[in-house]
Amino acid sequence: MSKPLGVAVIGAGMAGKAHAAAYRTASTLYRPTLPEISLVAIGDVNAEFGQAAATRFGYARHDSSWQAIAEADDIDVVSVVIANSLHREVVEGLLAAGKHVLCEKPLSDSLADARAMADAARAAEERGVLGRIGFTYRRTPGIAAIRQLIQDGTLGRPLHFSGRYWTDYGCSPQAPMSWRYKGGPGSGALADVGSHLAYVGEFLCGDIQAVSGGQLSTAIAQRPLPLGAVMGHDHAAVSDTFEPVENDDVASFSAEFASCIGSLSVSRVAAGHANSLMFEVFCENGAAAFDQRRPAEIGLFLNEGPYAQNGYRQVILGPDHPYIAGGLAMDAPSVGFGQNDAFGYQARAFLEEVAGLSESESLPRCATFDEGVRNMEILDAVAASAADAGRRVEVTPAEAPSAQNPAHAVVR
């Protein structure tokens with residue numbers, strides 16, 4: 001590819017800024033060298049937020065509409081990082097305009113819209129235009145390392161998965177009303193952070209075949225309207241006018257994976273847990289634990305030696321583990337890293353595919369929109385279970401092997 005790849009990000013909020021920064025970093029990661037990356041535009045209807053992000057991250061301009069980005073000849077690649085309910089119109093418009101699209105999860109706010117988006121993405125791919133979804137935690141070195149330990153037989157077959165993703169951005173009753181608190185059952189904490197936990201569980205334990213015991217709870221029934229524009233999870237000044245919360249603050253369910261069962265719990269009202277994705281996976285030959293608050297390490301237990309002398313060990317992640325060698329400017333042991341680095345690996349993977357680099361010399365591909373639909377089918381099944389006293393609901397089997405289980409290694 002001779003001309004630069006022009007990049008834009010639609011959405012200047014919290015996750016949008018993570019995407020914007022990731023594209024700046026992507027070309028500095030790994031080999032072979034990417035084509036030249038041109039940081040063209042940040043799109044946001046709020047001109048103040050958009051221009052501030054463009055200036056901060058070195059993008060040439062701010063555009064106030066997605067249509068301007070769709071029509072721009074100097075833009076090839078677009079990340080869509082806006083309210084879930086807006087995804088379909090924007091993504092379909094961009095794909096029709098020939099832009100390669102990386103969409104934030106969940107794919108949409110309704111299963112019908114998600115399926116329509118997947119149809120549009122398959123049609124676009126026949127024209128050489130890519131639509132992909134960001135499952136960022138697949139890029140977390142600790143999670144990828146645990147997956148390798150399962151697949152290479154060190155840990156062996158999973159027997160039991162226990163995971164939770166607890167956040168506290170909604171724990172205050174004075175947290176302002178936003179799009180995150182609007183939508184049907186399952187569109188709250190379950191869609192926001194439960195989508196992450198569901199695909200992490202499948203990444204390690206195989207496809208979820210059924211769910212049961214679904215529970216959804218709205219802990220704070222109403223929230224005040226903000227006095228001005230709100231970015232991300234900011235707790236801005238609020239008015240004395242309240243609107244009802246329409247979706248779930250807390251969700252939990254049991255999952256039947258391909259090889260085991262698991263329990264999953266998510267919350268946006270877990271005081272003291274700003275961003276706590278945690279899990280343990282118990283396997284034939286031992287167990288492993290991960291805690292996003294300590295991302296540079298995993299816990300590992302192997303059934304070796306006398307029981308009285310055995311226990312969990314701390315494993316500090318380094319260049320021998322996935323993504324780190326070549327993926328950090330200083331990729332030495334114990335340097336440390338965090339969630340922002342995973343966005344860089346994700347952007348790199350998407351740009352590698354857009355640029356036509358072969359799969360064998362690239363990072364694992366980003367997930368397809370079909371995988372995004374499957375993720376939403378799981379969430380939909382949980383909502384259906386919760387609406388019917390926790391009954392067991394089967395999940396449509398995945399039709400073919402996917403990026404959940406890519407054939408090539410994730411070590412670089």
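These numbers were taken from a predicted model, which means no experiment stands behind them.
A donor atom on one side chain and an acceptor atom on the other are found under 3.5 Å apart for Tyr165 and Asn275. Between the side chains of Tyr23 and Ser79, at least one donor N or O sits under 3.5 Å from an acceptor N or O. Side chains of Asn84 and Ser108: a donor-acceptor N/O pair is absent below 3.5 angstrom, by distance only.
Rounding to the nearest 0.5 angstrom, the gap separating the CZ atom in Phe279 from the OG atom in Ser162 is 10.5 Å. The CZ atom of Phe282 sits 11.0 Å away from atom SG of Cys205, with the distance rounded to the nearest 0.5 Å. Note that the CD1 atom of Ile150 and the CD atom of Gln148 stand 11.0 Å from one another [nearest 0.5 Å]. Phe343 CZ to Thr25 OG1: the interatomic distance, rounded to the nearest 0.5 Å, is 12.0 Å. Going from atom OH of Tyr345 over to atom CG of Leu29 covers 7.0 Å, rounded to the nearest 0.5 Å. Taken to the nearest 0.5 Å, the OG1 atom of Thr28 stands 9.5 Å off from the CG atom of Leu328.
Considering all non-hydrogen atoms of both residues, Arg24 and Leu39 come closest at CG-CD1, 3.2 Å. Taking both residues in full, the closest heavy atoms of Arg374 and Val395 are given as NH1-CG1, 3.8 Å, listed atom of the first, atom of the second, then distance. Contact record, Pro295 with Leu317: O-CD1, 3.6 Å, taken as the closest heavy-atom pair. Contact detail for Ala219 and Val269: the closest heavy-atom pair is CB-CG2, 4.3 Å. Minimum interatomic distance between Ile37 and Ser27 (heavy atoms only, all atoms of both residues): CG1-CB, 4.1 Å. In plain terms, the two heavy atoms of Leu34 and Ala26 that are nearest each other are CD1-O, 4.0 Å.
A donor-acceptor pair under 3.5 Å is absent between the side-chain atoms of Asn247 and the main chain of Pro185, judged by distance alone. Side chain of Ser362 to main chain of Ser358: a donor-acceptor pair is present (N/O by atom type, distance under 3.5 Å, no hydrogens or angles). Here the side chain of Glu352 pairs a donor or acceptor atom with the backbone of Leu363 at under 3.5 angstrom. Without hydrogens or angle criteria, His19 side chain to Gly16 main chain gives no donor-acceptor distance under 3.5 Å. Checked by atom type and distance alone, the side chain of Lys99 never pairs as donor or acceptor with a backbone atom of Val129 at under 3.5 Å. A donor-acceptor pair under 3.5 Å is formed between the side chain of Asp248 and the backbone N or O of Ala189. Without hydrogens or angle criteria, Asp388 side chain to Arg391 main chain gives no donor-acceptor distance under 3.5 Å. The main-chain N or O of Asp113 is found under 3.5 Å from a side-chain atom of Ser110 such that the two form a donor-acceptor pair. With Asp331 contributing its side chain and Gly326 its backbone, the two residues share a donor-acceptor pair below 3.5 Å. At distances below 3.5 Å, not a single donor-acceptor pair connects side-chain atoms of Thr218 with backbone N or O atoms of Ile220.
Counting only heavy atoms from C-beta outward, the side chains of Glu361 and Arg31 never approach each other to under 4.5 Å. Looking at Leu190 and Val382, their side chains come closer than 4.5 Å, going by heavy atoms from C-beta outward. The closest side-chain heavy-atom distance from Lys17 to Phe57 is below 4.5 Å. Counting heavy atoms from C-beta on, the side chains of His87 and Val80 come closer than 4.5 Å. Within the 4.5 Å cutoff, the side chain of Leu130 has heavy atoms near those of the Glu125 side chain. Within the 4.5 Å cutoff, the side chain of Arg139 has heavy atoms near those of the Cys366 side chain. Between Asn285 and Arg157, every side-chain heavy-atom pair lies at or beyond the 4.5 Å cut-off. Proximity of Pro141 to Phe337: side-chain heavy atoms (C-beta onward) are separated by under 4.5 Å at one or more points.
Both cation-pi conditions hold for Arg147 and Phe203: the charged atom is under 6.0 angstrom from the six-membered ring centre and inside a 45 degree cone around its axis. Taking the centre and axis of the six-membered ring of Tyr169, the NZ or CZ atom of Arg268 falls outside the cone set by 45° and 6.0 Å.
Residue Gln222 places its CD atom among more than 12 non-hydrogen atoms of other residues, nucleotides or ligands, all under 6.0 Å distant. By the 6.0 Å contact criterion, CG on Leu357 is enclosed, its count of non-hydrogen atoms from other residues, nucleotides or ligands being greater than 12.
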Step-by-step side-chain contact (heavy atoms from CB on, under 4.5 Å) determination, Phe49 to Ile42: CA-CA 9 Å; Phe49 290 168; Ile42 301 290; over 6 Å; no
Let's go through Glu256 and Gln209 carefully: what are the C-alpha distance in whole Å and the side-chain angles of both, what is the deciding distance for side chain to side chain donor-acceptor pair (under 3.5 Å) to 0.1 Å, and is it a yes or a no? CA-CA 6 Å; Glu256 298 174 25; Gln209 300 174 341; over 6 Å; no
What verdict does the side-chain contact (heavy atoms from CB on, under 4.5 Å) test give for Leu102 and Ile133, after you've listed the backbone C-alpha separation in whole Å, the side-chain angles of each residue and the deciding distance to 0.1 Å? CA-CA 5 Å; Leu102 178 63; Ile133 187 169; 5.8 Å; no
Hey, mind stepping through Leu302 and Arg313 against side-chain contact (heavy atoms from CB on, under 4.5 Å) and telling me if it holds? CA-CA 9 Å; Leu302 295 175; Arg313 69 189 73 166; 4.1 Å; yes
Verdict with reasoning, Leu155 to Glu284, per side-chain contact (heavy atoms from CB on, under 4.5 Å): CA-CA 6 Å; Leu155 283 170; Glu284 293 173 306; over 6 Å; no
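For Lys3 and Asp76, the salt-bridge test passes: some basic side-chain N is under 4.0 Å from an acidic carboxylate O. With salt bridges taken as basic N to acidic carboxylate O contacts below 4.0 Å, none links Arg294 and Asp291. Salt bridge Arg122/Asp370: present, at least one basic N to carboxylate O contact under 4.0 Å. Electrostatic pairing of Glu394 and Arg392 counts as a salt bridge here, judged by a charged N lying under 4.0 Å from a carboxylate O. Between Arg132 and Glu353, at least one side-chain nitrogen of the basic residue sits less than 4.0 Å from a carboxylate oxygen of the acidic one, meeting the salt-bridge criterion. With respect to Arg365 and Glu371, no salt bridge is recorded, no charged nitrogen being found less than 4.0 Å from a carboxylate O.
Of the residues Gln292, Gln346, Gln339, the one that meets the side-chain hydrogen bond (donor to acceptor under 3.5 Å, both in side chains) test with Tyr137 is Gln339. When each of Ser276, Ser265, Ser267 is paired with Trp166, the side-chain hydrogen bond (donor to acceptor under 3.5 Å, both in side chains) condition holds for Ser265 and for no other.
Between Phe257 and Phe161, the ring planes are perpendicular. Angles over 60° get that label, and only those under 30° would be called parallel. In this structure, His196 and Tyr199 have perpendicular ring planes: the angle between them is above 60°, well past the 30° mark.
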